[in-house]
Every structure is written in structure tokens, then in C-alpha cells.
Amino acid sequence: ARVVSILKEIPSHLFSESINQEILQASPREIPRLLNCLELTRAPNIEQTALQVIQRVNEEEAIVACLRILKSPKNLEIIRPYLQHPTWFVRAQAARAIGPIGNEKDREILMTLLVDPQWWVRYRAVQALAEFPSVGTEGLKTLRRKETIPLVCEMLDHVISERQLS
């Protein structure tokens with residue numbers, strides 16, 4: 001924590017390039033920690049680094065770290081395949097990443113995740129749907145009124161309740 005606070009005080013351009021290079025050469029197990037450090041410093045080119053990394057790694061933790069950083073709609077084609085990844089926490093993070101940047105095509109894909117066997121995947125999919133301007137809380141309520149699958153109803157109720165409390 002102390003190191004991060006020190007790094008936040010230093011202009012990121014003074015060290016971000018060297019951390020970027022370290023990330024690109026790091027083992028997949030080191031990548032999440034290094035990306036997290038770079039993210040905390042608000043480095044300007046972190047998304048480009050994450051994009052380079054996600055295209056060369058297969059380790060789930062590294063993929064999740066990259067998905068957490070990819071926030072631009074231009075990266076949707078990179079993010080979308082991870083919604084079908086065999087590992088549940090990769091699917092959950094991909095759904096979370098899609099929420100703020102997705103489009104109607106992604107809305108349909110997220111709808112398929114509402115019946116995922118993993119609770120977190122369903123949760124992140126409903127949260128992501130709620131971020132779509134065409135859905136929001138009212139759209140979730142409409143979905144809930146039409147839904148008959150208990151697993152989906154439960155998750156819609158959960159997220160609707162959360163959104164009404166905040």
C-alpha cells in the first residue's frame with residue numbers, strides 16, 4: 001500500500017513504460033500483480049498493454065486481469081469470446097467488462113448467461129445488462145415480469161433490489 005501511494009504521487013510517465021515492458025516479458029503468473037500496479041498508477045497506456053497481453057496468454061488469472069482493464073468499445077471483439085470461456089470466473093469478468101461498453105449484440109449474449117450454472121456469472125451478466133441504456137433497472141423489472149426460470153428470477157430480483165437500495 002505504501003509503495004502504491006508513493007507511485008501515485010510520481011507522474012506515471014516516469015515509470016509506466018518500464019512497468020509496461022516488464023509486463024510484456026513477465027510470466028503469466030506475474031502479470032495480474034504487475035497490471036494491478038500499473039492500473040493503480042493510472043498509467044495512460046495500460047489498456048494497450050492489457051490488449052497485447054490478453055492476446056498471448058492462456059492463464060485464467062492473467063486473462064481476468066486484462067479483462068478488468070479493457071474498457072473501450074473498440075475491444076469488444078477481444079472481450080466477447082471470453083463470455084463463453086470454460087472457466088466461470090473468466091466468464092464473470094468478461095460479462096462485467098461488457099456492461100459499460102456493450103451494444104445490443106452483447107445484450108443477447110449476456111441474456112444467455114442468465115442461466116449459467118455459476119452464481120457469479122449470472123450476477124455479473126445481470127449487472128452488465130443493467131448498465132445498458134436500453135435496459136437499466138426498469139428493463140430488469142420488465143425482464144423479471146416475463147421470466148419463468150427460477151434461477152434467472154432469483155438473480156434478477158437480487159440485482160433489482162441492490163439497485164433500488166443504492
Side-chain angles (χ1 to χ4, degrees), residues 1 4 23 28-43 46-166:
V4 170
I23 291 169
R29 297 188 79 212
E30 296 170 317
I31 289 170
R33 182 178 44 83
L34 291 168
L35 278 173
N36 188 44
C37 185
L38 194 61
E39 184 178 26
L40 290 170
T41 64
R42 298 180 196 93
I46 188 169
E47 196 160 351
Q48 184 60 37
T49 301
L51 195 56
Q52 289 176 299
V53 170
I54 201 168
Q55 293 176 2
R56 72 168 176 85
V57 296
N58 292 319
E59 186 173 86
E60 285 94 354
E61 288 81 6
I63 293 168
V64 167
C66 292
L67 288 170
R68 194 181 68 248
I69 291 166
L70 297 176
K71 298 178 186 330
S72 170
K74 68 182 180 185
N75 295 321
L76 283 168
E77 294 301 322
I78 300 293
I79 298 168
R80 283 183 187 123
Y82 292 104
L83 292 167
Q84 307 303 319
H85 195 276
T87 304
W88 72 266
F89 58 88
V90 175
R91 291 192 308 277
Q93 187 60 46
R96 189 176 194 185
I98 292 276
I101 61 173
N103 57 41
E104 289 306 307
K105 175 182 178 180
D106 301 304
R107 180 180 173 183
E108 294 305 315
I109 298 168
L110 288 169
M111 292 294 291
T112 67
L113 294 179
L114 298 183
V115 293
D116 193 278
Q118 288 293 326
W119 187 92
W120 280 104
V121 175
R122 295 190 308 275
Y123 179 65
R124 295 298 185 205
V126 173
Q127 284 184 319
L129 285 168
E131 291 189 58
F132 281 59
S134 62
V135 180
T137 304
E138 291 308 311
L140 292 182
K141 289 177 181 178
T142 301
L143 281 172
R144 175 58 180 95
R145 283 190 294 275
K146 296 176 182 177
E147 189 55 59
T148 59
I149 301 171
L151 202 61
V152 178
C153 292
E154 174 190 326
M155 190 55 66
L156 287 165
D157 288 340
H158 183 83
V159 174
I160 290 166
S161 295
E162 279 183 349
R163 292 178 68 83
Q164 289 175 331
L165 289 174
S166 59

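Predicted model only: the values in this text are computed from it and were never measured.
- Under the 4.5 Å side-chain criterion, counting only non-hydrogen atoms from C-beta, M111 is in contact with L129.
- Taking CG from L67 and CD1 from I78, the interatomic distance works out to 10.0 Å, rounded to the nearest 0.5 Å.
- Smallest separation of non-hydrogen atoms from A125 and L110: CB-O, 3.9 Å.
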### Message
L165 vs E162, test: side-chain contact (heavy atoms from CB on, under 4.5 Å). Steps then yes/no.
### Response
CA-CA 5 Å; L165 289 174; E162 279 183 349; 5.9 Å; no
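- Residues A62 and P28 approach most closely at CB-O, 3.7 Å, considering heavy atoms.
- When the side chain to side chain contact (heavy atoms under 4.5 Å, CB included) test is applied to Q118, the partners found at least two apart in sequence or on another chain are W88, R91, D116, V121.
- Side chains of S134 and E104 form a contact here, defined as non-hydrogen atoms less than 4.5 Å apart.
- Here CG of L51 is found 4.5 Å from CD of Q55. Values are rounded to the nearest 0.5 Å.
- Counting heavy atoms from C-beta on, the side chains of C66 and L35 come closer than 4.5 Å.
- Here the closest non-hydrogen pair linking A95 and A128 is O-CB, 3.2 Å.
- At a threshold of 4.5 Å between non-hydrogen side-chain atoms, the residues L114 and M155 do not count as touching.
- For the atom pair CG (L143) and CG (L156), the distance works out to 6.0 Å, reported to the nearest 0.5 Å.
- Residues T137 and Q164 have side chains that never bring a donor and an acceptor to within less than 3.5 angstrom of each other.
- Within the 4.5 Å cutoff, the side chain of R29 has no heavy atoms near those of the E61 side chain.
- Sorted by first and then second residue, the salt bridge (Lys or Arg N to Asp or Glu O under 4.0 Å) pairs involving residues 79-89 (not counting sequence neighbours) are E77-R80, R80-D106.
- Using a 4.0 Å cut-off between a side-chain N of Lys or Arg and a carboxylate O of Asp or Glu, E147 and R144 do not qualify as a salt bridge.
- I109 approaches Q84 most closely through the heavy-atom pair CG2-NE2, 3.9 Å.
- For the atom pair OG1 of T49 and CD1 of I69, the computed distance is 8.5 Å after rounding to the nearest 0.5 Å.
- With sequence neighbours left out, Q127 forms a side-chain hydrogen bond (donor to acceptor under 3.5 Å, both in side chains) with Y123, R124.
- Among pairs with a residue in residues 46-70, none fulfils ring pair (Phe, Tyr, Trp, His ring centres under 6.0 Å), at least two apart in sequence or across chains.
- L34 meets the side chain to side chain contact (heavy atoms under 4.5 Å, CB included) test with E22, I23, A26, E30; sequence neighbours excluded.
- We find the CD-CD1 distance between E131 and I101 to be 10.0 Å, quoted to the nearest 0.5 Å.
- Put simply, the side chain of E47 reaches to within 4.5 Å of the side chain of L70, judged on heavy atoms.
- Atom CZ of R56 has more than 12 neighbouring heavy atoms from other residues, nucleotides or ligands inside a 6.0 Å radius.
- Contact annotation: the side chain of R96 never approaches that of W120 to less than 4.5 Å [non-hydrogen atoms, C-beta and beyond].
- For the pair Q93/Y82, no side-chain contact is recorded, criterion being any heavy-atom separation below 4.5 Å from C-beta on.
- A donor-acceptor pair shorter than 3.5 Å cannot be found between the side chains of H158 and E154.
- The CG atom of N36 lies 13.5 Å from the CD1 atom of I31; values are rounded to the nearest 0.5 Å.
- Taking A97 as the reference, I79 meet the side chain to side chain contact (heavy atoms under 4.5 Å, CB included) condition, with sequence neighbours excluded.
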